[in-house]
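Heads up: the structure comes next, in structure tokens.
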Amino acid sequence: MPREEVGVILGGPQGSGIETSMMVLTRALARHGFGVIADREYFSNITGRHSYIHMLISSKSIPRAVRYPVDIVASMDAETLFTHISDVGVGGYIVYDTSVAMKKLEEIPSIEDTTKSRIAEKLRGLGVDTTVSSILRFLERERGCRLVGLDFAALLRRLLARYRIEPRLLSRYVSGIIVSAVATLLNLDRRAIEYSLSLQFGGREELVEQNLELLKYVEDGMQSLRGAVALEKPRQSFRKILVATGNDAVAMGKIVGGLRYQSYYPITPAADESFTIERHEYSSVDGVDVGPVVVMQTEDEISAVCSAIGAALAGARSATATSGPGFDLMVEGLSWAGANEVPVVITYYQRGGPSTGQPTRGSQSDLFNALFAGHGEFARIVISSGDHEEAFYDAVEAFNLAERFQVPVIHLLDKFLANSIKTTPLPDVDSVRIVRGMVTGGGRGYKRFDLSSTVSPRAFLGAEDTIMWYTGDEHDEYGHIVEDPENRRAMYSKRIVKMDMILSEIPRERKLTVYGDEDPEYIVVGWGSVKGAALDAIEALSRKGFRGAYVNVRLLWPFPGREVLEILTRVPSNRVVAVEHSYGVLISDLAAMAAGVRIRRGVAKFTGRPITSTELEEALHKIITSGVERVVLSYGA
Amino acid sequence: MPREEVGVILGGPQGSGIETSMMVLTRALARHGFGVIADREYFSNITGRHSYIHMLISSKSIPRAVRYPVDIVASMDAETLFTHISDVGVGGYIVYDTSVAMKKLEEIPSIEDTTKSRIAEKLRGLGVDTTVSSILRFLERERGCRLVGLDFAALLRRLLARYRIEPRLLSRYVSGIIVSAVATLLNLDRRAIEYSLSLQFGGREELVEQNLELLKYVEDGMQSLRGAVALEKPRQSFRKILVATGNDAVAMGKIVGGLRYQSYYPITPAADESFTIERHEYSSVDGVDVGPVVVMQTEDEISAVCSAIGAALAGARSATATSGPGFDLMVEGLSWAGANEVPVVITYYQRGGPSTGQPTRGSQSDLFNALFAGHGEFARIVISSGDHEEAFYDAVEAFNLAERFQVPVIHLLDKFLANSIKTTPLPDVDSVRIVRGMVTGGGRGYKRFDLSSTVSPRAFLGAEDTIMWYTGDEHDEYGHIVEDPENRRAMYSKRIVKMDMILSEIPRERKLTVYGDEDPEYIVVGWGSVKGAALDAIEALSRKGFRGAYVNVRLLWPFPGREVLEILTRVPSNRVVAVEHSYGVLISDLAAMAAGVRIRRGVAKFTGRPITSTELEEALHKIITSGVERVVLSYGA
Amino acid sequence: MEHRSYKTDLWVDWCPGCGNFGILTAVIRAFEELSLDPSKTVIVSGIGCSGKTPHFVNVNGVHTLHGRAIPFAMGIKLANPQLTVVVHGGDGDLLGIGAGHFVALGRRNIDVTVIFHNNGVYGLTKGQASPTLPLNTKTKALAKPNIQQAVNPVALALSAGYTFVARGYAFDGEHLKNLIKRAILHKGAAFIDVLQPCITFNDVYTAEYYRKRVYKLEDEGSWNPVVERPGDRSSKLLKAIERSFEWGDRIPIGVFYEDAHTTTLEERFSQRLKVYPAVAPSNSRIAESDGRPVVDRRRFEEVFREFIVDVEGV
Amino acid sequence: MEHRSYKTDLWVDWCPGCGNFGILTAVIRAFEELSLDPSKTVIVSGIGCSGKTPHFVNVNGVHTLHGRAIPFAMGIKLANPQLTVVVHGGDGDLLGIGAGHFVALGRRNIDVTVIFHNNGVYGLTKGQASPTLPLNTKTKALAKPNIQQAVNPVALALSAGYTFVARGYAFDGEHLKNLIKRAILHKGAAFIDVLQPCITFNDVYTAEYYRKRVYKLEDEGSWNPVVERPGDRSSKLLKAIERSFEWGDRIPIGVFYEDAHTTTLEERFSQRLKVYPAVAPSNSRIAESDGRPVVDRRRFEEVFREFIVDVEGV
Ligand SMILES: Cc1ncc(C[n+]2csc(CCOP(=O)(O)OP(=O)(O)O)c2C)c(N)n1
Ligand SMILES: Cc1ncc(C[n+]2csc(CCOP(=O)(O)OP(=O)(O)O)c2C)c(N)n1
Ligand code: SF4
Ligand code: SF4
Ligand SMILES: [Mg+2]
Ligand SMILES: [Mg+2]
């Protein structure tokens, strides 16, 4: 029977083409009209460590989060099988290379020792030997899984017999085997795959052809399984759909929003955003310039933020993108921007900390760093996005807010969003507006920091007949250093009272959005990439009779305390649950501080892996039915 | 009639010896047995801007804070008179150079334009001309001030006639004139001044002699005024007393506490601490080594914190000292120290921010930066000191806490404390204990991050027969990188649960101290250098019948929420007032977050000048009697 | 912009006799002689006594963070390549905390001029040793002799890739002014090491000291620092470095190296960005007059086609 | 410490064929031949593929922050001068984000060895241009040719003051091992630029490329990089810099410069701290056995007498 949703894991060593498999499958699925979300899990390593893609494919809507168990595990290697033994559901399909059947856990060097002992212990508990074949037998026997064993080497030999392929490049086609097997199980159309391969390989026709040939071989061997995991007919009707990561969504948003200077120092998971921007740094469409964006790889993050501030002073919409370690280095610059009322945007992708932490894993543990790092008091805005779509619009909005209020804006995202691929409707760019705030041509006697209004009219460096000064020291209206206590009081206050202005001028729906039941029994509060799993979980619980709502906080600072308070007090305080990818569930502390409301129930996850719908549903259920105060999640390899 | 307390302002251009005057007077007063506190106010400038010393001298106790108005204004120049016109009390004494009588406000280039207009306006309001002589006449007429005009040039000529002094060095003796005049008004003993001068000028006998000679000339011209502002006989009986700044107190504390590596990058108001340490980097007392302390001027603050961490790994008690801009640059290093459980101490002296801000002025606006900067979650300790004495003991305690809990410790101070001079009883070093926590010799198979206890036994790099690894990445017990989710959960939690341990093991009196009435009607909450003024203010108010208590929060993080809550709920919530040198009175937010208590009354000061007892008393009075919610203070030039 | 004085009327609060006064005068005279449009000129400075310079000059001034003037200047210049950008920094600023950026600018050859206030001390923080103070030197502000070696700013600039490298002396105003003019006119990253007596803290490298030792490279008829052909670079560079080692009894000032054959970063960007620098970040259109973005629906689909899948519902 | 292998049994997760394997082997062999006591040896690294090195070597390892290995190493070495400290860093690590510290170490001449993994790319972040990649080079990982010039690490180290400067090649293991030994034995800041092919991202500077071009300086009989007398420093330095310019068809490896006459920072500290380095931060006593500080009441009054006023109550 065709399914509404299908979950897939594609696994293999880093550098072996697993990402290519993901892209080819996702675009083919999108071509069909299915919705796809795909989380990417990988080590801080270039070649060899275990990497996997965790997808959810839907015929009814665009999926919002991944979930366990999955229906298909497609493995390129033995490690995938050892690692994902628990992830496949009853009756699931296991695609594997028959040549790895005899591999033993002990023989696999790329598995970390701690993980290895953990897996060994688990297998012992299950009474399963540490070989691939015993795992496969176990899955078949205990979980009713269907084993799809393919002889990878034989398939590749067939390909080699037909095409002139350099033997050392042959391993690159393994990802094609995976694609083919999954496509066959899903019963994807050959033309959709061809379309997707053409996009993937650009002009390289021979690669498209070879992969289609490989598809044929795999199909041949899987006749009985074609469509075994078929999806229902897609219910959505988009004519065009975006297939992009969160990084890409932000990049597109920035360019639409008028970005003209982007600095970066390479860092995971931020750097991909800058590469996307660089690819689109300038286009001329029918004689109209889109750009130019100066994309500058700087010598460090200090230079990234300082040069972005410089560009902003010259009138360019200017941004930088980084993650925790890099942000730490930007703090002094941020404080300068605060003191000088500079509209600069920092796109901050959280990863696992502290320090280098888990560079390629996700977290939301940098909330307070984004909100409070920086010496001295000054206004800043911190916004977050719940999904790819929000990320696009927020990337534009970040500039608008920065320029309207003349403050630095931090757009706080995370690795989960940054690196996951999602099908998303094309943004409605025609609804977007560019708001540059108080801009003036300057002129003689221009006062950059005119005290007669909270936001002083801003002239750009280089404006005709205009001179201005900036300094990180306390300054007078012209921007010259003064230490006078009365001026200090006025200038310092001017900058800080913007916080009130921001809170009163930003519309409610930009501050937070509420989903779910109109009359909830319990309320879940979260921000950023918690959204997808939270919406899934409350929906699932509502089917079980629990009426829930989700508050997606989008404006993190200044914190919309009034609005949050108003919503959270609709249910008894033990029915409010905060959810976050962190240990401390920091949004609770923030609400206590800025809304005066104590959120006493929490769901935390800090393994670096994303919260999945299934485990969140379970945790919420436990909290609302049993009075448990805190649940720590940890599912995911 | 002799007085219990005398307030003095000494004013003159930066670089003209005003600090020497302060030191000579303070030590002479201490020699007498008086208590002295002296706040130093100066511009971010080397030569020429207005600098002043604001002292309070007491016969009954050691003064805790300065207050307005003062009894004596001793001026080296016209600017001092223009600047401090409001600061002298009724019947006060004005020491000035008769040759500046005709100076006009407009003619003084070193006064900033904003200040100049403000003063001009004030004078206009008072109906006073913009000349020194009209100000003097006004003070004499309206405030009953006594004018002590001295012909500085004539005095110096007399000196020159007697001694071979290079004419270009003559101006250095002006500070001696000021000292002499104030000493005469206070009726200080000649021998006390001689003692003080000898300490000041070390071996340079001729300087002592010349200054004593100058004292004679000045006394000659002030016969009728000798003892005009005499103090009562001192009531205290110390045999020895420290005369030191807060920077010095911390330096001494660090050395007593076993500091062995101190890195710094020059920055106001932290650098003086390192110079004091450098002067005492090594001594051999009766063959016992005190030290050696390696004091390293690094290339930046990043290197300062990273090298301090390195030294800590090698087993040295290790610290760095900085202020806001420098701390910002240390954040990434701090996060590494958190991840690697390194006992390193950062002494953080707050100054006016944001950015370069007011580099030589004070603030407490960096509270949240100290508490929350750094990506990822990890345990840290933040302590603050209310006065010089606390600063000494806390400097020792910082190391003890760091090593006991193996966490970075931030000792949060500010410019007010750092730069003010105070007479302080000698610390009771014999009561001090060095606690190094879990230290081991290591050995084969050593696991630096042994998970069997929250604080793992620490071996030093270089320990015999021992190898260990450190990494900022998430790691296993040996310190090797691992990304395993279960290990992540265990190791991440191990580091964070230290917070609970810290809260339960630190004794209450190290968390906070409560002063004042046992049964208060109102409670003032503050931290750091608010203490002195707060104690003075509640004492003064208690004399007026208002029973108050002051809660001096010493452990800022982890915040002693339980204890704070317990105390603050003793009075109605509208009777709790937070006081801070900041705009936001951030301790209120902290209490809301970490103790769940909303403090709705606040006193803020953010001009960069210290809160004085008098204005705080007034503000508190207003709040407790009239229901005013917030008072912003701004007294002080 | 109509003529006005290049000097602001703020009180200059350096110590009387400070070498910075000489630098300030030379800068102002250079600007005057080049008739720079004040509104198209930006002085970017770090933090220190030297960092205050922009406030005293009547052109745009950006007084940044300690050590970070170069990155700010980069952003300003790349966003608006029409501007003349001059960086002022101290020796602590540019070669202590800012040394990383100093090296990076050399690699980029952005068309900015860096004026290095070389006083051997951290002036504004009261006289600690700066990176140019030689080993074992004990100025009066230091409790103990300097424990670190000096870095040679001229050699470092040359190694890092600056295409114009010179040295001036604060109190040889005419000569310094000419160097500054030449540096500003040079297309590419220009560096001037200015020997600057600090009267308050450095009693070793005084005006007296320099007056006796300084001589002009150009007074040697044979000295030619100009790279005439790209192939000459190495040999000219090596000669310049050799000359930079000279210190002690005779201290050369003048131009050490000048290479007009290396492309600037702006030129390299113009290869990639087609319309740059004429159309630049600071002057390119981002929105229609009603606020709609330049990137409308159609342009969006065109520009970002790599992300768009045409759904066929096959 | 009894003998054990200098190699940990962790899986080395570099790409097969990476030049880092060559460096790792050379380091381990150098340690072996020098019989370094693993517990008295510390490898300090930055972040990058290169930064993982300490985990693979069975001596103490401190894997620090991106660009900050040198400051960490400084603290470790100054606190315990008995330790042998070796820094491993990438080209992005040491000359991009860490260039400021790189220059500062030259000024200090601390006795540590810096091994520079020069692969022309930011390996661990997937192949962006590093500061040693020449202008206009387009590796396969780059979308567009490199827009920044390369810095010359050897010239920069020489200008910054390193007293031992060499270049090795990752796949000439014997030669590299010998360089590492000599660098470790050198008293002072030693720098080895190691040409390290990155098989995954740098398809220009490959093993093939280097194999064809690399030659040994010492094969020229006349080459003598050693400063025999302090007076020779400038001339030797200049020769070394000249040689560092050589790149292209022939790429020299070997020792460029070696100067044993400059005092180390540790020696300079020993002047000030008397008992140092024998009594050092890591081994000096701070407390009595009962926890009372070494600085008791009497010693306090002695050490801090400058702050103490004897009250007379005159
Ligand atoms: C991040 C940071 N660290 C330290 C300081 C303190 N500081 C102000 S000026 C200065 C040094 C000035 O020396 P230099 O750069 O040589 O300039 P000069 O005053 O000599 O012109 C320092 C360290 C600062 N402002 N910011
Ligand atoms: C402050 C900071 N910024 C950025 C990063 C991300 N990062 C990790 S490795 C690396 C560069 C590695 O390049 P290189 O130093 O040349 O070492 P390689 O991998 O080539 O050995 C970067 C930028 C980081 N870890 N920390
Ligand atoms: S301290 Fe030195 S550099 Fe600074 S203004 Fe005074 S003389 Fe000039
Ligand atoms: S990416 Fe390059 S440098 Fe890194 S391990 Fe692979 S081959 Fe080596
Ligand atoms: Mg200087
Ligand atoms: Mg590299």
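Just so it is clear: chains get the letters A, B, ... in the order the sequence lines come, proteins before strands, and each one is counted from 1. Bear in mind that the values here come from a model prediction, so they are computed numbers and not experimental data.
- Counting heavy-atom pairs closer than 4.5 Å to chain C, the top residue among D/S234, D/A150, D/A99 is D/S234.
- In terms of non-hydrogen atom pairs under 4.5 Å with chain D, the most contact-rich of C/G161, C/S235, C/G98, C/P131 is C/P131.
- Heavy atoms closer than 4.5 Å to chain C are found in both the backbone and the side chain of D/F269.
- Proximity to chain C involves both the backbone and the side chain of D/N109, based on heavy atoms less than 4.5 angstrom apart.
- Looking at C/V103, only its side chain comes within 4.5 Å of chain D, counting heavy atoms on both sides.
- Both tests pass for D/R243 against the ring of D/W223: distance under 6.0 Å to the centre and angle within 45° of the axis.
- With a 4.5 angstrom heavy-atom cutoff, C/T262 touches chain D only via side-chain atoms.
- Side-chain contact, D/R107 with C/Q149: no donor N or O sits under 3.5 Å from an acceptor N or O.
- In this structure a side-chain-to-backbone donor-acceptor pair under 3.5 Å is missing from C/Y276 to C/P81.
- Between chain C and the residues D/N152, D/L135, D/L265, the most heavy-atom pairs under 4.5 angstrom are made by D/L135.
- When only modelled atom types and interatomic distance are considered, C/T163 and C/D259 share no side-chain donor-acceptor pair under 3.5 Å.
- Rounded to the nearest 0.5 angstrom, C/R68 CZ and C/L94 CG are separated by 11.0 Å.
- For the residue pair C/T132 / C/N118, a side-chain donor-acceptor distance below 3.5 Å is found, with atom types taken as modelled.
- Residue contact with chain D, scored on non-hydrogen atoms closer than 4.5 Å, involves the side chain of C/R272 exclusively.
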